[in-house]
Structures are given as C-alpha cells and as structure tokens.
Amino acid sequence: MIIFETNMGDIHITVDAENAPISAKNFTDYVESGFFDGTIFHRVIKNFMIQGGGFNEDMTQKPTNAEIENEAKNGLKNNKYSLSMARTAAPHSASSQFFINTKDNAFLDFPGQDGWGYCVFGEVTEGFDVVDKINEVSTGNKAGHGDVPNDAVIVTKAYIK
C-alpha cells in the first residue's frame with residue numbers, strides 16, 4: 001500500500017506489478033526515494049484527471065530518472081480512480097509524472113488516439129473523497145502552465161506501508 005499524504009487528506013494507492021511491472025516499479029522507486037514529498041498536483045482538469053509527480057510548489061520541475069517503456073497494452077483500463085503514467089506525445093516518455101482519472105477515460109486506453117494510449121499501473125483504494133475534492137479545486141495559469149490549482153495541492157509525504 002502506498003500512502004500519499006496531502007494537504008487535502010490521504011490517498012491510498014495500490015500498484016499492479018503483475019500487469020504493469022515496469023511502471024509499478026518506477027512509481028514505487030520514486031516513492032521509496034522520497035521524490036514525491038513536497039510535490040504538488042500541478043494539473044487539474046475537472047471531470048477528467050488530476051496530475052502530479054513532477055513539480056514543486058513554486059512550479060519548478062524536478063529532475064527525473066530515465067523515461068520508461070509504455071506498458072499501455074496490459075489490458076488495464078483508464079477507469080475512474082485508476083492511476084496512469086503521464087507522458088508527452090512521445091509514447092515512451094513517461095518518467096515521474098502520473099495522473100488519477102476522475103472519470104472513466106476509455107479514449108486513453110490502448111491503442112488510444114496515437115496507437116499507444118496511457119499506461120494504467122495502479123488504483124486508488126481509499127481516499128476517493130480526497131480525489132473528488134482535488135477534482136473540484138479552482139485552477140488558473142501559473143509559470144506558463146494552465147489548469148494549475150489556485151491553492152496548491154501538496155503531497156506532504158508519500159510512503160509505502
């Protein structure tokens with residue numbers, strides 16, 4: 001069990017190491033290293049997803065480990081409360097950033113719109129109310145980024161229990 005303590009409450013996450021071994025290990029490695037501590041959910045698009053894992057509260061991007069292989073062809077679906085790896089337009093560009101789906105987003109499933117889709121590697125098991133609260137925050141533009149919460153949603157600590 002991975003616990004994300006945030007300033008809006010705790011989110012409990014399980015990863016699927018059987019169906020998404022590379023992504024699950026990558027995420028767990030970041031948790032164990034303390035990488036996510038002090039990061040923010042920097043992108044919130046209501047009724048779509050909440051994204052975190054890459055920026056500090058001042059919107060500086062943290063240096064990451066190497067990019068990983070896209071495992072979206074694993075049969076897991078981008079359903080509400082599932083966790084997926086965030087990436088650029090390049091299919092194998094995921095590193096530390098992830099998102100939690102706040103509704104069913106089947107269009108992100110393999111093969112997606114680009115022949116790859118977005119890799120689901122885990123799910124929220126507790127703290128659905130916290131995810132729902134984050135989904136509702138007001139957002140704006142900050143440091144050249146859109147959809148940034150006006151009041152920072154901070155991961156104070158992430159750890160494995």
Side-chain angles (χ1 to χ4, degrees), residues 2-15 23 26-31 33-68 70 72 76-109 112-114 116-159:
I2 295 170
I3 315 285
F4 267 58
E5 293 179 356
T6 79
N7 60 335
M8 295 185 75
D10 295 353
I11 302 170
H12 295 225
I13 297 162
T14 58
V15 294
S23 302
N26 176 68
F27 188 75
T28 302
D29 287 348
Y30 278 112
V31 171
S33 74
F35 180 89
F36 294 128
D37 299 358
T39 61
I40 60 170
F41 281 93
H42 65 275
R43 187 170 176 230
V44 174
I45 302 177
K46 187 176 180 176
N47 299 326
F48 174 44
M49 60 90 220
I50 62 175
Q51 183 172 333
F55 289 85
N56 291 314
E57 193 174 350
D58 64 2
M59 290 302 291
T60 56
Q61 194 162 359
K62 294 185 76 170
T64 64
N65 299 333
E67 296 173 343
I68 61 170
N70 187 330
L76 301 176
K77 304 296 181 193
N78 280 280
N79 293 330
K80 188 173 184 177
Y81 303 120
S82 64
L83 268 77
S84 294
M85 293 305 302
R87 62 175 178 85
T88 66
H92 305 290
S93 60
S95 59
S96 66
Q97 292 188 38
F98 64 92
F99 60 91
I100 301 173
N101 289 288
T102 56
K103 74 173 194 69
D104 291 350
N105 290 313
F107 73 98
L108 298 176
D109 295 341
Q113 299 160 317
D114 61 359
W116 286 96
Y118 290 77
C119 174
V120 175
F121 68 92
E123 64 181 349
V124 173
T125 58
E126 283 183 54
F128 303 108
D129 59 325
V130 177
V131 173
D132 293 344
K133 277 194 291 189
I134 297 170
N135 179 59
E136 296 290 332
V137 300
S138 61
T139 61
N141 295 313
K142 186 174 180 182
H145 296 271
D147 306 307
V148 178
N150 293 327
D151 296 315
V153 180
I154 304 164
V155 176
T156 52
K157 185 160 186 60
Y159 60 93

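A donor-acceptor contact shorter than 3.5 Å is absent between the side chain of Thr6 and the backbone of Val155. When atom types are taken as modelled, the side chain of Ser82 and the backbone of Val120 share no donor-acceptor pair closer than 3.5 angstrom. Under a 3.5 Å cut-off, the side chain of Lys133 and the backbone N or O of Met8 do form a donor-acceptor pair. Using modelled atom types, one side-chain atom of His92 and one backbone atom of Asn70 make a donor-acceptor pair closer than 3.5 Å. The main-chain N or O of Glu5 is found under 3.5 Å from a side-chain atom of Thr156 such that the two form a donor-acceptor pair. A donor-acceptor distance shorter than 3.5 angstrom exists from the side chain of Asp114 to the backbone of Gly117, with no hydrogens or angles considered. With Asp147 contributing its side chain and His145 its backbone, the two residues share no donor-acceptor pair below 3.5 Å. A distance-only check finds no donor-acceptor pair linking the side chain of Tyr81 to the backbone of Val131 [under 3.5 Å].
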Please set out all donor-acceptor pairs under 3.5 angstrom arising from side-chain atoms of residues 50-57, sequence neighbours excluded.
unit_1: Gln51; atom_1: OE1; unit_2: Arg43; atom_2: NH1; d: 3.0
unit_1: Gln51; atom_1: NE2; unit_2: Gln97; atom_2: OE1; d: 2.6
unit_1: Asn56; atom_1: ND2; unit_2: Thr60; atom_2: OG1; d: 3.4

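Of all heavy-atom pairs between Gly146 and Asn141, the closest is CA-OD1, 3.1 Å. Taking all atoms of both residues into account, the shortest heavy-atom contact from Phe35 to Thr64 is CZ-CG2, 4.2 Å. The heavy-atom pair separating Val44 from Ile134 by the smallest distance is CG1-O, 3.4 Å. Residue Asp37 comes nearest to Lys62 through the heavy atom pair O-NZ, 4.2 Å, listed as atom of the first residue, atom of the second, then distance. Nearest heavy atoms, Asn26 versus Ser95: ND2-O, 2.7 Å.
Contact check for Leu83 versus Val124: side-chain heavy atoms found under the 4.5 Å cut-off. Between Leu108 and Met49, every side-chain heavy-atom pair lies at or beyond the 4.5 Å cut-off. For the pair Asp10 and Val130, the minimum side-chain heavy-atom distance is 4.5 Å or more. Residues Val137 and Phe41 form no side-chain contact, since every pair of their non-hydrogen atoms from C-beta on lies 4.5 Å or further apart. Within the 4.5 Å cutoff, the side chain of Asn7 has heavy atoms near those of the Val153 side chain. Ser96 is not listed as a side-chain neighbour of Asn65, based on a closest heavy-atom distance of 4.5 Å or more. The shortest distance between side-chain heavy atoms of Asn101 and Asn79 does not fall below 4.5 Å. Looking only at side-chain heavy atoms (C-beta outward), Phe121 and Leu76 stay at 4.5 Å or farther from each other.
Once rounded to the nearest 0.5 Å, the distance linking OG of Ser84 with NZ of Lys77 reads 11.5 Å. With rounding to the nearest 0.5 Å, the separation of CD in Glu126 from CZ in Phe128 is 8.0 Å.
No more than 12 heavy atoms of other residues, nucleotides or ligands shown are found within 6.0 angstrom of CG on Asp151.
Taking the six-membered ring where tryptophan is involved, the planes of Phe98 and Phe4 are perpendicular, since the angle between them exceeds 60° and thus also 30°.
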Inset, instruction - Go through the steps to decide whether Asn78 and Phe99 satisfy the test side-chain contact (heavy atoms from CB on, under 4.5 Å), and finish with yes or no. - result: CA-CA 10 Å; Asn78 280 280; Phe99 60 91; 3.9 Å; yes
Inset, instruction - Evaluate the side-chain contact (heavy atoms from CB on, under 4.5 Å) criterion for residues Asp132 and Lys80: first the C-alpha distance (whole Å), next the side-chain angles of each, then the deciding distance (0.1 Å), finally the verdict. - result: CA-CA 10 Å; Asp132 293 344; Lys80 188 173 184 177; 4.2 Å; yes
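Exactly one residue among Ile100, Thr14, Ile13 makes a side chain to side chain contact (heavy atoms under 4.5 Å, CB included) with Glu123. That residue is Thr14.
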